[in-house]
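Read through the structure below, which is laid out as structure tokens, and then see the notes.
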2 protein chains.
Amino acid sequence: MPRAEREQQMMAVAEEVFAERGYVATSVDDIAERCGVSKPMIYEYFGSKEGLLVACIRQARTELAKATTESVIGAQSAEDALRRGLVAFFEFTDTHRRAWSLMLRSEAAVAGPAAAAEIEALRQEQVEIDVALFRSFLPDAPEVELEASAHVVVGACERLSLWYVSRDDVTAEQAADHIMRALWTGMQSLVRD
Amino acid sequence: MPRAEREQQMMAVAEEVFAERGYVATSVDDIAERCGVSKPMIYEYFGSKEGLLVACIRQARTELAKATTESVIGAQSAEDALRRGLVAFFEFTDTHRRAWSLMLRSEAAVAGPAAAAEIEALRQEQVEIDVALFRSFLPDAPEVELEASAHVVVGACERLSLWYVSRDDVTAEQAADHIMRALWTGMQSLVRD
DNA sequence: CAAGTAACCTACTCCGAGTAAGCTTGACCC
DNA sequence: GGGTCAAGCTTACTCGGAGTAGGTTACTTG
């Protein structure tokens with residue numbers, strides 16, 4: 001099997017088994033065996049067990065960034081952009097449940113500094129997107145308020161995503177709606193302080 | 001040294017070194033050596049490395065529950081109660097930075113199922129407190145809305161707490177105020193849906 | 001066909017979690 | 001005093017998993 005294909009297989013298997021049994025409880029030998037190869041191949045391609053996890057996270061991160069970026073194309077207003085971004089986010093976390101719970105339940109911090117940095121980068125990316133968005137419709141709000149609000153939204157989304165994937169009766173649209181209702185009015189009031 | 005005292009010492013050392021170098025990168029031998037004893041003593045008292053982490057988390061969880069519970073005594077309204085609870089929460093995360101980052105950056109999920117369950121219990125506790133509070137002033141709102149809102153608040157608090165402990169210019173009161181401004185109006189609007 | 005390289009293997013080393021078995025010191029009882 | 005029991009502690013292991021050294025096979029390319 002060519003390298004690129006084998007790497008994808010390894011990442012898919014790793015994502016599945018890490019999410020299922022946890023990072024610590026999973027041995028590299030396990031993953032290798034499920035792929036039908038031996039352990040040194042994984043070290044050849046990913047350098048370390050943590051490197052394999054980082055690759056999984058990075059791939060998911062790239063896909064999330066792509067999905068949310070594309071979703072806001074053609075938005076009619078800041079509110080519309082925020083809502084579209086939220087829907088895309090919740091859809092992503094729903095279709096990539098394994099990768100997402102991997103990030104959040106987060107084996108990452110425990111796995112090592114590189115994996116932890118990858119997760120922090122993901123959050124920082126989301127925070128920056130939100131700050132930019134808020135600034136666009138609240139140009140007079142102080143920077144510290146925008147940043148705090150962005151962290152509030154990012155945290156709210158993280159938790160709500162984990163909650164709603166555990167419920168079959170809540171859709172991505174409803175989750176996005178909920179964040180909008182809960183936060184939108186408050187966000188707008190920031191400019192009055 | 002008597003057992004109770006030794007246990008406290010071990011937990012203090014573990015909290016420090018886990019938060020500093022990470023759970024995986026820390027060996028039980030390290031912790032034992034810093035305590036001036038040998039490894040089997042830790043196994044005698046805590047059963048496993050994960051057991052030691054669970055003990056640290058549980059202690060912090062108990063303290064947090066105590067602090068937030070006490071803070072709302074004598075509150076004049078639901079809004080006052082929520083604000084007092086938030087301030088107590090942010091003060092806790094500030095004074096117990098090590099324990100808090102231990103929980104959230106969360107070595108826990110990686111450490112094993114018992115530690116992960118401990119963290120989930122902590123979040124569930126917070127969610128239930130919030131649901132009860134919201135119900136008290138929004139008796140007509142559907143249960144699913146209350147629960148979703150509680151997850152939003154818990155997630156927002158988690159993220160904001162990690163952000164604000166990294167900034168010296170933000171106080172617990174300001175962080176609590178921020179959550180109140182961002183969320184309070186939206187919360188109240190839920191009843192109109 | 002020779003040479004190189006991609007994909008793969010077996011067979012290790014080493015470290016850290018967890019354990020077996022026993023030592024020491026002091027309290028308490030007769 | 002001596003016997004006994006327990007708490008606190010130790011040394012000296014086992015065992016499993018991360019990571020590595022070095023070699024083999026097979027396909028491509030000059």
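Scope of the values below: all heavy atoms of this structure, side chains included, with no hydrogens, waters or symmetry mates. Order of the sequence lines sets the chain letters (A, B, ...), proteins ahead of strands, with each chain counted from 1.
- Here the P atom of nucleotide D/dA7 and the CE atom of B/M41 are 11 Å apart, to the nearest Å.
- The separation between B/R3 atom CZ and D/dA6 atom P is 15 Å, rounded to whole Å.
- For the pair B/E173 and B/R83, the salt-bridge criterion is not met [side-chain N within less than 4.0 Å of a carboxylate O].
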**OP:** Evaluate the criterion side-chain hydrogen bond (donor to acceptor under 3.5 Å, both in side chains) for residue pair A/R6 and A/Q9; output intermediate values, then yes/no.
**Re:** CA-CA 5 Å; A/R6 184 66 84 188; A/Q9 181 203 19; 2.7 Å; yes
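- Spacing between atom CD of A/E7 and atom C1' of C/dA6 amounts to 13 Å, rounded to whole angstrom units.
- Following rounding to the nearest Å, A/E44 (CD) and D/dA18 (C1') show an atom-to-atom distance of 16 Å.
- Contact annotation: B/R6 reaches the phosphate of D/dC9 (side-chain N/O to OP1 or OP2, under 4.0 Å).
- The phosphate of C/dA6 (OP1 or OP2) has no side-chain N or O of A/Y45 nearer than 4.0 angstrom.
- The separation between A/I42 atom CD1 and D/dA18 atom C1' is 12 Å, rounded to whole Å.
- Going from atom CG of B/L53 over to atom C1' of C/dA17 covers 15 Å, rounded to whole Å.
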Check: protein-nucleotides 19-23 of chain D nitrogen or oxygen pairs below 3.5 Å:
residue: D/dG19; atom: OP2; partner: A/Y43; partner atom: OH; Å: 3.1
residue: D/dG19; atom: OP2; partner: A/K49; partner atom: N; Å: 3.0
residue: D/dG19; atom: N7; partner: A/K39; partner atom: NZ; Å: 2.9
residue: D/dG19; atom: O6; partner: A/K39; partner atom: NZ; Å: 2.9

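- Taking 4.0 Å as the cut-off between side-chain N and carboxylate O, B/E147 and A/R167 count as a salt-bridged pair.
- A/S38 has a side-chain polar atom (N or O) that falls below the 4.0 Å cut-off from OP1 or OP2 of C/dC9.
- Contact between B/E125 and B/A65 at its shortest, heavy atoms only, is OE1-CB, 3.8 Å.
- One interatomic measurement links the two molecules: CD of A/E5 to P of C/dA6, which rounds to 17 Å at whole-angstrom precision.
- Nucleic acid contact for B/F46: none, since no nucleic acid atom lies under 4.0 Å from a heavy atom of the residue.
- Of the candidates A/E91, A/Q59, A/E15, A/E63, A/H96 forms a side chain to side chain donor-acceptor pair (under 3.5 Å) with just one, namely A/E63.
- Rounded to whole angstrom, the span from the CZ atom of B/R21 across to the P atom of C/dG16 amounts to 10 Å.
- The aromatic rings of A/F90 and A/Y164 sit perpendicular to each other, their planes meeting at more than 60°, with 30° as the lower class boundary.
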**OP:** List the steps, then state whether side-chain contact (heavy atoms from CB on, under 4.5 Å) holds for A/D30 with A/R34.
**Re:** CA-CA 6 Å; A/D30 281 348; A/R34 288 205 192 195; 5.7 Å; no
